[in-house]
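Heads up: the structure comes next, in structure tokens.
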Amino acid sequence: MNPVFALVDCNNFYTSCERRFRPDLAGAPIVVLSNNDGCIISRSAEAKAMGIKMGVPFYQIEPYLTQQGVAVFSSNYALYADMSARVMSILEQESPRVEIYSIDEAFLDLSGMESVATLADFGRHIRTTVQQWTGITVCVGIAPSKTLSKLANHAAKRYPATGGVVDLTSPERQRRLLQLVPVDEVWGVGRRLSKRLYKDGIKTALDLACCHPKTIRQQYSVVLERTVRELNGESCLSLEDVTPTKQQIICSRSFGERITCFQSMREAVCEYTVRAAEKLREEGQTAKRINLFMRTNRHNPAEPQYMPSLGAELPVPTDDTRDLVAAAIRLLRSSWKDGYRYMKAGVMLTDFYEPGVYQPGLFDDAHTRPNAKALMSVLDKINHSGKGQVFLAGQGVQKEWRMKRLHVSPAYTTNWRSLPVVK
DNA sequence: TCTGGGGTCCTAGGACCC
DNA sequence: TCTGGGGTCCTAGGACCC
């Protein structure tokens, strides 16, 4: 059976979520900002039409946005994650195999569906259902490989005449589209690669598809070779409907205000480690390695720069917040230097073991704290209950370094106190 | 003054071993 | 004068994704 993939992708996802709870903003330009209100990461159709670019630092265009009456939101991930879960659960109802690829897109396996309905009809059905039940508009791209389905989705978004659904299973239609698409819009071709490809005379997706896979492998990489094959309708990337276990967990953040004193940095590192440990327990894993990094503002060359990054091995893999925090603070002590204005720090956990699998060495101090598991699970339960937070003293209380979120919307769907009110 | 965060995979090069 | 070669493992860094 020939594989058929559909890529379902939400349009302007973050701004659509915000608009969903602000009917007064229908038809208005909206943007959503990254953490710390740093730069633009989502734009409504109206904002795109005004020429507002992705990734632009907010401070550079804030006056313009105000003057033009653009609605501005800080990112509200609790809201987006909840809306995402609603969309995904619809897809899971409608299709037997779903790979949730990111917060706003999913691949579906439609192999063998041709006999039930035309693929495009099925795409339209998905689109209407999601629209009706969540108010989120999606586009659907259908093709024999993931890379082509991405491209089909792209076309569905770009050309309104498609009605948001493009079936790219026919080779003739594939060719016609590939010819129109610049090579840098192909999935897996980023800034660096497209520059190189361009120099080599490969300018459109079709140019790339016409290259010999073996040559591409020699001159570029195995990854790009796979892309070439996928563009020719040969499926090399399969649907991953069981989520693979994570290899690493990162918690990092830029500070709302620069940090210059050890005490504040200690609080931040402590908080990031606590959060990373929570994620680790959610994954049901234990970690044997922890890394810490800090950095000054690399965008300002006039400032003295310092960006230490170092790691440590734990005696045995652990998911105990207290052990991880202790290790992180040790790393902080050995890399901290006074006299810098730190902009960002982060904690990374790696080298995971399933609990109970690790074989300690003969002379390892395998001592674990009594009742650690019970304590951690109570901690997680309280902090997830929405009733309050329990935290380590080291996380601090004032937190001037906390990130900036001046335009955040309420947690409409995940906190009872923030339910939207209809008057 | 002011530029996100969280992931994955691949490759090159060094250390080490026999 | 002349000092191997192949394999594995680990790490850092690059490139990409959303």
Side-chain angles (χ1 to χ4, degrees), chain A residues 7-14 31-42 53-63 65 73-77 80-81 84 99-107 146-147 150 153-154 183-197 217-227 236-237 240 243-258 260 272 275-276 279-280 282-283 288-289 291 293 295-303 307 309-311 313 341 343-352 403-406:
Chain A
L7 177 65
V8 181
D9 191 321
C10 302
N11 296 5
N12 319 322
F13 185 55
Y14 296 169
V31 298
V32 172
L33 307 177
S34 65
N35 281 341
N36 266 312
D37 295 347
C39 51
I40 311 282
I41 53 168
S42 180
K53 296 271 180 290
M54 186 76 169
V56 179
F58 177 48
Y59 74 89
Q60 285 177 4
I61 55 165
E62 186 173 7
L65 298 182
F73 291 92
S74 303
S75 38
N76 181 349
Y77 286 101
Y80 312 149
S84 171
E99 172 187 341
I100 297 172
Y101 180 71
S102 75
I103 193 162
D104 72 339
E105 59 191 298
F107 288 102
K146 280 182 164 181
T147 307
K150 273 270 191 188
N153 190 286
H154 207 77
V183 74
D184 53 290
E185 285 176 28
V186 173
W187 192 38
V189 177
R191 252 202 356 265
R192 290 298 182 86
L193 263 179
S194 60
K195 229 178 173 175
R196 251 182 90 189
L197 288 165
R217 182 186 200 135
Q218 282 160 12
Q219 292 176 6
Y220 293 86
S221 68
V222 287
V223 184
L224 194 62
E225 179 198 7
R226 210 165 48 197
T227 303
C236 305
L237 300 164
E240 291 173 29
T243 351
T245 46
K246 280 199 174 57
Q247 306 294 305
Q248 53 176 246
I249 286 169
I250 298 174
C251 187
S252 73
R253 212 128 298 168
S254 299
F255 309 122
E257 287 172 21
R258 300 278 184 271
T260 51
Y272 298 171
R275 180 70 196 110
K279 289 196 215 170
L280 185 65
E282 276 167 32
E283 284 287 302
K288 190 150 192 313
R289 203 176 164 76
N291 283 71
F293 71 86
R295 63 173 64 127
T296 47
N297 181 8
R298 61 175 197 283
H299 294 107
N300 183 359
E303 224 175 90
M307 23 203 300
S309 160
L310 71 173
E313 196 91 358
R341 300 176 66 237
M343 185 181 80
K344 180 177 181 176
V347 170
M348 180 161 83
L349 303 179
T350 54
D351 202 3
F352 293 166
M403 66 177 181
K404 234 187 285 171
R405 288 170 95 197
L406 296 180

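Computed from heavy atoms alone, side chains included, the values below leave out hydrogens, waters and symmetry copies. In the text below, chain A, chain B and the rest are named by the order of the sequence lines, each starting its count at 1.
Put simply, NZ on A:Lys146 is 14 Å from C1' on C:dC18, counting in whole angstrom units. In this structure, CD of A:Glu303 is placed 10 Å from P of B:dT3, rounded to the nearest angstrom. Between A:Leu33 atom CG and B:dC2 atom P the separation is 17 Å, expressed in whole Å. Atom CG of A:Asn12 is separated from atom C1' of C:dC18 by 14 Å (rounded to the nearest Å). Here the C1' atom of nucleotide B:dT3 and the CD1 atom of A:Ile40 are 11 Å apart, to the nearest Å. Note: CG (A:Asn36) to P (B:dG5) measures 6 Å, nearest angstrom.
Between A:Gly346 and A:Ser252, the shortest heavy-atom distance links the atoms CA-CB, 3.5 Å. Minimum heavy-atom separation, A:Ser84 to A:Phe13: N-CZ, 3.7 Å.
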Identify all pairs in which a protein N or O lies below 3.5 Å from an N or O of nucleotides 11-15 of chain C, and state each distance.
from   : atom 1 : to       : atom 2 : distance (Å)
C:dA15 : OP1    : A:Arg192 : NH1    : 3.1
C:dA15 : OP2    : A:Arg192 : NH1    : 2.4

With 3.5 Å as the limit, what N/O pairs link the protein to nucleotides 7-10 of chain B?
from  : atom 1 : to       : atom 2 : distance (Å)
B:dG7 : OP2    : A:Ile250 : N      : 2.7
B:dT8 : OP1    : A:Gln247 : N      : 3.1

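At least one donor-acceptor pair under 3.5 Å links the side chain of A:Ser34 to the backbone N or O of A:Cys39. Looking at A:Ser75, its side chain never comes within 3.5 Å of a backbone N or O of A:Tyr77 through a donor-acceptor pair. Looking only at distances, a side-chain donor or acceptor of A:Lys279 sits under 3.5 Å from a matching main-chain atom of A:Ile250.
Proximity of A:Phe352 to A:Thr245: side-chain heavy atoms (C-beta onward) are nowhere separated by under 4.5 Å.
Considering only residues two or more places apart in sequence or on other chains, A:Arg405 meets the side chain to side chain donor-acceptor pair (under 3.5 Å) condition with none of them. Listed by chain and number, the residues in a side chain to side chain donor-acceptor pair (under 3.5 Å) with A:Asp104 are A:Ser102 (sequence neighbours excluded). Taking the salt bridge (charged side-chain N to carboxylate O under 4.0 Å, His left out) definition, one finds that A:Lys53 meets it with nothing, sequence neighbours left out.
No engagement by A:Asp37 is indicated, since no non-hydrogen atom pair under 4.0 Å with the nucleic acid exists. Within 4.0 Å (heavy atoms only), A:Val56 reaches no atom of the nucleic acid at all. Note on A:Tyr101: only backbone sugar-phosphate atoms sit closer than 4.0 angstrom, heavy atoms only; bases stay farther off. Using a 4.0 Å heavy-atom criterion, one finds that A:Glu105 contacts the sugar-phosphate atoms exclusively. Counting any heavy atom pair closer than 4.0 Å across all strands shown, A:Lys150 reaches sugar-phosphate atoms only and no base atom. As judged by a 4.0 angstrom heavy-atom cut-off over every strand, A:Val186 is placed among residues touching the sugar-phosphate backbone only.
In terms of phosphate contacts, A:Lys404 brings no side-chain nitrogen or oxygen within less than 4.0 Å of OP1 or OP2 of B:dT3. Considering only side-chain N and O atoms, A:Asn300 lies nowhere under 4.0 angstrom from the phosphate OP1 or OP2 of B:dT3. Proximity of A:Arg341 to the phosphate of B:dT1: no side-chain N or O atom is located under 4.0 Å from OP1 or OP2.
Relative orientation of the A:Phe107 and A:Tyr101 rings is perpendicular, given thresholds of 30° and 60° on the angle between their planes.
Nearest nucleotide to the A:Ser252 side chain, out of B:dG6, B:dT3, C:dC17: B:dG6. For A:Ser102, taking side-chain heavy atoms from C-beta onward, the closest of the listed nucleotides B:dG5, B:dC2, C:dC18 is C:dC18. Taking the side chain of A:Asn35 as heavy atoms from C-beta on, and the options C:dC17, B:dG5, B:dT3, the nearest nucleotide is B:dG5.
Taking the charged nitrogens against the carboxylate oxygens, A:Glu240 and A:Lys146 have no contact shorter than 4.0 Å, which rules out a salt bridge.
Between the C1' atoms of C:dG4 and B:dC16, the separation comes to 15 Å (whole Å).
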Does A:Lys246 form a salt bridge (charged side-chain N to carboxylate O under 4.0 Å, His left out) with A:Glu282? I'd like the steps, not just the answer.
CA-CA 11 Å; A:Lys246 280 199 174 57; A:Glu282 276 167 32; over 6 Å; no
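Heavy-atom contacts from other residues, nucleotides or ligands closer than 6.0 Å to CZ of A:Arg192 number 12 or fewer.
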Pair assignment for DNA chain C - dot-bracket with | for other-strand partners, Watson-Crick or G-U under 3.5 Å:
....||||||||||||||
